[in-house]
Each structure stands twice: as structure tokens, then as C-alpha cells.
Amino acid sequence: MAEERIVETPTTHTTVIERRGGGGGAMIAVVLLIAVLIGGFYLFSRQGAQNSKDAAITSAAKSVGGAADKAGDAVEKSTQ
């Protein structure tokens, strides 16, 4: 909650009003920063998992391609 203090000086008729916040804005900023950091970590870790999956599929496809080449070579040799 905000705290107010009013100071009046009778000789110069000047009024000074000070308002101090309770720090709620700073707390919201900290919570938002933490949420952004967690979200970024989650997105980057998912991207790494997707890259690993893609690499495994590529490796399997190359392996199947190599086996097909060997089978093709064996068929060619047997027909000669």
C-alpha cells in the first residue's frame, strides 16, 4: 500500500507530498522475468530434442540407403 506524508511549512506556504510505493511493481517485474526465463529454457530444450530426433531419422535413412546400395550391388554381381 502507498504511504503518504504531507509536510507544510507556515512561513513559505509550501506543501510537499511524498508518495512511496509498496514495491508491488518490482515484484510483478521479477515474476515476469522468471516466467520469461522458464519459457525460454523450455523452448530451447524442446528445440534440442527435435534436433536429436531429426539427426536419428537422418542416420537411420542413411543406414537404409547403404543397405539398399549393398543389396543392389549383390544383385548386379549375381546377374553378371
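Not measured: the values here are computed from a predicted model.
Here the CD1-CG distance, from I28 to L33, works out to 13.5 Å after rounding to the nearest 0.5 Å.
Criterion: ILVMFWY side-chain heavy atoms under 4.5 Å apart, direct or through other members. Under it, V30 and I38 are part of a common hydrophobic cluster.
At least one donor-acceptor pair under 3.5 Å links the side chain of T58 to the backbone N or O of D54.
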